[in-house]
Number of protein chains: 2
Amino acid sequence: MKLEEAKEEFIQAWGALGSSWGINRTMSSIHALLMANNEPLSTEDIMAALQISRGNANMNTRALIEWGLVKKHRIAGDRKEFFVAGKDVWEMARQIAKERRKRELNPVIESLENLKDIDENGEEAESFKKRINDLHDFTSEISGLVDKFTRNDRNWFYRSLLKLLG
Amino acid sequence: MKLEEAKEEFIQAWGALGSSWGINRTMSSIHALLMANNEPLSTEDIMAALQISRGNANMNTRALIEWGLVKKHRIAGDRKEFFVAGKDVWEMARQIAKERRKRELNPVIESLENLKDIDENGEEAESFKKRINDLHDFTSEISGLVDKFTRNDRNWFYRSLLKLLG
DNA sequence: TTAAACTTTCAATAAATAGTGAAAGATAAA
DNA sequence: TTTATCTTTCACTATTTATTGAAAGTTTAA
């Protein structure tokens, strides 16, 4: 297989993975494009490679920077901004986990906390309360675990995991 | 807070969580509705509770059954089908992990395997190969870990995890 | 300063996804 | 069988989400 062909297929596959994870296709395609290229790319490079508009390229590079997956890179003597993807797979996984915890896990935990104070006492209410409690305990433990993972705190990660899995 | 109010908020929150995970809002709302109710509900109950059409209710209950999150339930003397959500949070997590591994992780691993045979040798090609390799190793390890988790095989899960985290 | 080079914003538009409901397909009691 | 009850399908419509591109905003070299 040729390198260029492989790059295209990689961009394709990574884009598809992203969209099944609630990340838009362009964002993960840009990420893949930058991972596939060692040299920093400019907005124009990205526009040309993925055939997308300036606005779209701009929005999604900025989203990638917010997620901590991509960094801006200045090249001496050039006024353009260039972009590079982080190279370490583990670091990438940590950033993604961190961001998703913040955006998705935390809000649901908050919701579940609110739902805890139900002032009814029938059998149905009690069983609902129990389920909410189970879910809350579970999501909180997972959240804690993810937090330790993102901090790369192995010692506490293990302790937390052992506690969680019993 | 009243029980009915809490149920509604729960359905809301769970639906939102689902949609940020690439699961459609209705599917996760139905799941939440069934979790919030101990008694089996019929398609008509679901239609009424969530104000959705028969077709939609049918498609999404079937999706939930495919995911292993909901089971059909027959009530003696009634020809309708009823639905109940599993009650164990861990079991639920395992089913979700299992399904997502199959749908998302496996295809990307396959893709990465295909990309391994690049017959070019420049510096750029080598660095691309390395990244693909790193990603492949990482995703494969994660996949194996998830597999052990879904099989509830704690012993192997720990070994696998320790190996992965070094 | 000023003006060229670049980045960002956002209203309009396009594309993708989800939902509807009526009709066709099953199933099982009579 | 036949028929009433329930389930599934699918072409159409509605809703949501992503993308465009031109205009406004910002930065920096001269």
Side-chain angles (χ1 to χ4, degrees), chain A residues 11-12 14-34 40-67 69-84 100 103-104, chain B residues 11-12 14-34 40-67 69-84 100 103-104:
Chain A
I11 289 166
Q12 172 69 27
W14 204 246
L17 181 67
S19 57
S20 67
W21 281 75
I23 290 161
N24 87 50
R25 182 177 300 276
T26 305
M27 181 171 157
S28 21
S29 297
I30 295 177
H31 187 213
L33 176 67
L34 294 173
L41 301 183
S42 70
T43 301
E44 315 239 321
D45 295 334
I46 294 168
M47 288 166 64
L50 303 178
Q51 298 281 21
I52 59 174
S53 73
R54 183 173 300 282
N56 197 11
N58 182 266
M59 275 190 35
N60 285 296
T61 44
R62 281 191 307 115
L64 283 165
I65 289 166
E66 259 179 52
W67 277 67
L69 296 172
V70 161
K71 292 223 175 313
K72 284 190 183 179
H73 187 272
R74 295 211 147 269
I75 290 185
D78 202 325
R79 261 163 79 176
K80 279 213 247 347
E81 280 179 344
F82 290 80
F83 304 95
V84 258
R100 296 187 70 102
R103 289 171 195 239
E104 294 146 25
Chain B
I11 289 166
Q12 172 70 26
W14 204 246
L17 181 67
S19 57
S20 66
W21 280 76
I23 289 162
N24 86 50
R25 184 177 297 277
T26 307
M27 182 171 157
S28 23
S29 296
I30 295 178
H31 188 213
L33 176 68
L34 293 172
L41 301 182
S42 69
T43 301
E44 314 239 320
D45 295 334
I46 294 168
M47 287 165 64
L50 303 178
Q51 299 282 24
I52 59 174
S53 73
R54 183 173 300 284
N56 197 11
N58 180 265
M59 275 188 38
N60 285 295
T61 45
R62 281 190 308 115
L64 284 165
I65 289 167
E66 259 178 52
W67 278 66
L69 296 172
V70 161
K71 289 221 176 318
K72 285 190 183 178
H73 188 273
R74 298 212 143 269
I75 290 185
D78 202 324
R79 261 164 77 176
K80 278 212 251 339
E81 280 179 345
F82 290 80
F83 303 94
V84 259
R100 293 187 71 102
R103 289 173 195 238
E104 294 146 25

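Protein chains get the first letters and strands the later ones, always in sequence-line order, with residue 1 at the start of each. Only this structure's heavy atoms are used, side chains among them; waters, hydrogens and symmetry mates stay out.
- In this structure, CD1 of B/I23 is placed 15 Å from P of C/dT17, rounded to the nearest angstrom.
- Side-chain N/O atoms of A/T43 include none lying less than 4.0 angstrom from OP1 or OP2 on C/dC6.
- Put simply, the side chain of B/I23 reaches to within 4.5 Å of the side chain of B/R100, judged on heavy atoms.
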- Note on the structure: Quick tally for nucleotides 9-17 of chain D: nucleotides whose base has a protein heavy atom under 4.0 Å get B, sugar-phosphate-only ones S, the rest -, giving B--------

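- Every residue meeting the side-chain contact (heavy atoms from CB on, under 4.5 Å) condition with A/E44, not counting sequence neighbours, appears here in chain and number order: A/S42, A/R54, A/K80.
- Taking atom CG on B/D78 and atom P on C/dT27, their separation rounds to 17 Å, with Å as the unit.
- Residues B/H73 and B/V84 come closest through the heavy atom pair CB-CG2, 3.9 Å.
- Evaluation of the side-chain hydrogen bond (donor to acceptor under 3.5 Å, both in side chains) rule for B/R74 yields no partner, not counting sequence neighbours.
- In this structure, the CE atom of A/M47 is 10 Å from the C1' atom of D/dT20, given to the nearest Å.
- Shown here are the side-chain contact (heavy atoms from CB on, under 4.5 Å) partners of A/R79, two or more places apart in sequence or in another chain: there are none.
- With sequence neighbours left out, B/K72 forms a salt bridge (Lys or Arg N to Asp or Glu O under 4.0 Å) with B/E81.
- Between the CG atom of A/N60 and the C1' atom of C/dT7 there is a distance of 15 Å, given to the nearest Å.
- Residue B/K80 places its side chain closer to D/dC6 than to any other of D/dA18, D/dC6, C/dT8.
- Here B/R25 pairs with nothing under the salt bridge (Lys or Arg N to Asp or Glu O under 4.0 Å) rule; sequence neighbours left out.
- For A/A57, the side-chain contact (heavy atoms from CB on, under 4.5 Å) partners two or more places apart in sequence, or in a different chain, are A/T43, A/I46, A/M47, A/I52.
- Of the candidate nucleotides C/dG19, D/dA18, D/dT8, C/dG19 has the atom lying nearest to any side-chain atom of B/S53.
- For A/K72 and B/Q51, each mapped to the nucleotide of DNA chain C holding its nearest heavy atom, the one lying further toward the 5' end belongs to A/K72.
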- Contact pattern, 5' to 3', of nucleotides 24-30 of chain D - B, S or - by protein heavy atom under 4.0 Å: ---BB--

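- Atom CD1 of A/I46 and atom P of C/dT8 are 12 Å apart (whole Å).
- Atom CD in B/E44 sits roughly 14 Å away from atom P in C/dG21 (whole-Å rounding).
- Checked against side-chain hydrogen bond (donor to acceptor under 3.5 Å, both in side chains), B/W67 has no partners two or more places apart in sequence or in another chain.
- Across the protein-nucleic acid pair, A/I30 atom CD1 and D/dA18 atom C1' stand 12 Å apart, rounded to whole Å.
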